[in-house]
Visitor: 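Sending over a structure as structure tokens; questions will come in a sec.
Not measured: the values here are computed from a predicted model.
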Amino acid sequence: MQRIGVFVCWCGSNIAGTVDVKAVAEALKAEPGVVYSTDYQYMCSQAGQNLIIDAVKEHNLTGLVICSCSPRMHEATFRKTAAAAGLNPYMVEIANIREQCSWVHKEMPVGTEKAIILGKAAVAKVNLNTSLTPGESPVTKRALVIGGGIAGIQTALDIADAGFPVDIVETKPTIGGKMAQLDKTFPTLDCAACILTPKMVDVAQHDKIRIFSYSEVTEVKGFVGNFDVTIKKKARFVDETKCTGCGDCVDKCPMKKNPNEFNMGMDNRSAIYIPFAQAVPKVATIDAGACTMLKKGKCGLCSKVCGAGAIDYTQKDEFIEEKYGAIVVATGFNPISMDKFDEYAYSQSKDVITSLEFERLTNAAGPTQGKLLRPSDGKHPHKIVFVQCVGSRCAACAEKGKEYCSKICCMYTAKHAMLTRDKYPDTEVYVFYIDVRTPGKNFDEFYRRAVEEYGVNYIKGMVGKIVPEGDVLKVQASDLISNKQLHIDADLVVLAAAIEPDKSARPLATMLTASMDTNDFFTEAHPKLRPVESPTAGVFLSGACQGPKDIPETVSQAGAAASKVIGLLCKDKLTGNPCIASANEMMCNGCSSCERVCPYGAITYSDKEFRMPDRTTQIRRVASVNPAVCQGCGACTVACPSGAMDLKGFTNSQIMAEVDAICK
Amino acid sequence: MNKKNLREEIILRSGVNPKKCMKCGKCSATCPAYDEMEYHPHQFVNMVDTGDIEPLLNSDSLYKCLTCFACVDRCPRGVEPAKLVEAVRLSVIRKQGENHLTPNDIPALLDEDTPQQLLVSAFRKYTK
Ligand SMILES: Cc1cc2nc3c(=O)[nH]c(=O)nc-3n(C[C@H](O)[C@H](O)[C@H](O)COP(=O)(O)OP(=O)(O)OC[C@H]3O[C@@H](n4cnc5c(N)ncnc54)[C@H](O)[C@@H]3O)c2cc1C
Ligand code: SF4
Ligand code: SF4
Ligand code: SF4
Ligand code: SF4
């Protein structure tokens, strides 16, 4: 029989205002097992906790019922109090008489009656409580970063600098992400390559960082501290350990007419290629779809010319298995397709381009060596129209656009407009906007400079349609301030396309059991207080995969994610939650119902020998729960048709005792 | 009819929620009848929303709209301005009493300049 102490908290007037706390303490005295009952102004205060500790000692209490605020608030506090008094922390139950009672009732008699009932239920439960001890699991001191953009790079560097090994898995042949494609960056206009490439080199040279480029994660098993991950290294037909990145193969390859993805398809690359001069790793990759040797067995020139003997046409995809303690998702974003925006003639005219294409057109390492020339005829454009919010804030067109604001395009459009006017003062520049959103340090000043110092024409209104006619683009737009419809003959139109998460993010989230929002951005554990953790333990978020972000925000989130990972990897062991499921093997009939509902894959089956009443043995298939994987959600206990599954700390008999106490 | 009731009636009849408008002006940017219209599609949305409907009732704009639905197609927020134009137009017609058009009246009204679309939509709404 338990010796239970009941402690009723006033919470100042929060509870005592609508609940007669003395009457509650008095009524609960009569409940089975209760040997002591009292009330106090603030039970969570140091004095209140001391009162509990003293009572445990004085009355030899074995279980505690605290009638107070929600367990979300102070369950951990009172468990620690119990431990300090020498009790098992799981011998404490909270009756929530604040959020579920005093705050929702106005009349004292009603509140008091309900508080007593809630207290009785908690007492009934504690009578059946048993001591629970949390399990421990070891932590693999290695982190995995998925995605090698600026987010992944920064996270990996920060973790590695703290002394932990990190692997970066990047699906492209090089790390760098979108930032490697940018020209200059707002708001300070430093050149993207100048600030990014040193970081890429740091990654390459860091003895704690391994880069798996041209690779993908194909399977994730396990749980926080103990992930088992399979990485597919796609065949690049070049031996990474031998290739020196000299580029001789690239020059000799006869298959030169393949759209160059790094330059957004605005020029061509050969079948064997190195994406850009500062690529990391600087290793050639053969595009199997373009190489005649791989397709038809004819050519082999690159192999002949390669002095390092790095070309290997027989290379196969390779699968690597590795253990990790933490995983960081940094899969970034992409601009949405403009194909469906017929009104803007993107597919009809080469001179209607996206902003990312514009970055390449103005980049010294781009297809025009940084000279702003029209893709159609290579002429210098004299009238340029920028259109903001293309596909963003588009609630009506889910099939082509996105409902959210893409956040970065107001600023990069101001940047593009300003840089154009700076380099080519003879160019007329128009920006059509719905709103100009510049909430960032020095952002609005930047935008105003574009208008006031550089003479960019900002026009409040949208472009309605663009029709290519001869060598101009007929732009028809609203000017809402002047209440006019404008007709502009533009030489070049730049669309600030909405951005969306990488298409590979959704299957990756499924592999990681990490949750996503309806737009496929990864969701954080708490939008304000836990912004870099996913709700799945051990999985962290970095960069634009979590929501639209510019570089400053990406880098700060990357550092924050790294610090969370470091905090985890510093631990030698992780303490689990003891309130997990377990199967009663005698009752289990091996039906698999529980396995099918478990969202964490914690349940496995094995054949076991059982002695039967008639002294024979029988082999039966029974369920068992991996205590390190089970999160205690209880789905299996509900699914089990034979009642074999039970959740420690919330057993079926405990729940029924509570229900009985309430219904009595 | 008072101002508020007229606003409610137009909103009800058109099924348009003018509050969804984010004032981007894409409807007016796309409107082929823009120069003919005294009030442009985005203004229709705003004026109905603020209850400033009197000027619309008396404006030629009601009959300059081609009912081409370009504004409906292009609006990023699904506001459907053309339906508002039509609803305001109906208010005028209903106010004028029983002068409904019948199919038999149409041939007499045909001339070179009348666009087909106008006839089709006129036919549709007058015979209701
Ligand atoms: C036109 C344009 C101009 C911009 N200008 C500026 C500017 O001036 N200043 C500024 O601050 N910001 C600017 N930005 C924003 C900036 O590009 C982003 O903030 C930044 O790139 C986000 O970094 P990220 O690492 O999160 O994503 P990304 O750069 O997208 O990197 C993600 C990486 O993950 C890889 N990846 C994706 N899926 C997987 C997978 N399943 N497995 C492995 N790898 C994967 C990708 O290949 C990529 O390398 C601009 C953006 C655009 C589009
Ligand atoms: S073997 Fe393929 S990649 Fe090499 S040079 Fe020939 S076509 Fe190019
Ligand atoms: S950031 Fe600016 S351009 Fe981009 S969607 Fe938001 S408001 Fe539109
Ligand atoms: S339906 Fe009327 S208002 Fe709308 S675009 Fe066509 S002509 Fe203009
Ligand atoms: S296009 Fe739609 S959202 Fe934009 S102003 Fe017109 S009605 Fe409003």
Visitor: Could you list every donor-acceptor pair linking chain B to chain A (distance under 3.5 Å, backbone and side chains)?
Guide:
unit_1	atom_1	unit_2	atom_2	d
Lys23(B)	O	Lys460(A)	NZ	2.9
Cys24(B)	O	Met462(A)	N	2.9
Gly25(B)	O	Ser478(A)	OG	2.6
Lys26(B)	NZ	Glu343(A)	OE2	2.8
Lys26(B)	NZ	Tyr344(A)	OH	3.3
Ser28(B)	O	Gln485(A)	NE2	2.6
Ala29(B)	N	Ser478(A)	OG	3.0
Ala29(B)	O	Gln476(A)	NE2	2.8
Ala29(B)	O	Gln485(A)	NE2	3.4
Cys31(B)	O	Gln485(A)	NE2	3.1
Tyr34(B)	OH	Asn483(A)	O	3.3
Tyr34(B)	OH	Lys484(A)	N	3.2
Tyr34(B)	OH	Lys484(A)	O	3.4
Tyr34(B)	OH	Gln485(A)	N	3.4
His40(B)	ND1	Asn483(A)	OD1	3.2
Pro76(B)	O	Ala395(A)	N	2.8
Pro76(B)	O	Ala396(A)	N	2.7
Arg77(B)	NH1	Arg393(A)	O	2.9

Visitor: I need the minimum non-hydrogen distance between Ala396(A) and Cys75(B), along with the two atoms involved.
Guide: CB-O, 3.6 Å

Visitor: Between Pro76(B), Gly78(B), Gly25(B), which shows the greatest number of heavy-atom pairs under 4.5 Å with chain A?
Guide: Pro76(B)

Visitor: Could you work out, with side-chain contact (heavy atoms from CB on, under 4.5 Å) as the rule, every residue matching Pro18(B), not counting sequence neighbours?
Guide: Arg7(B), Ile11(B), Val16(B), Val45(B), Asp49(B)

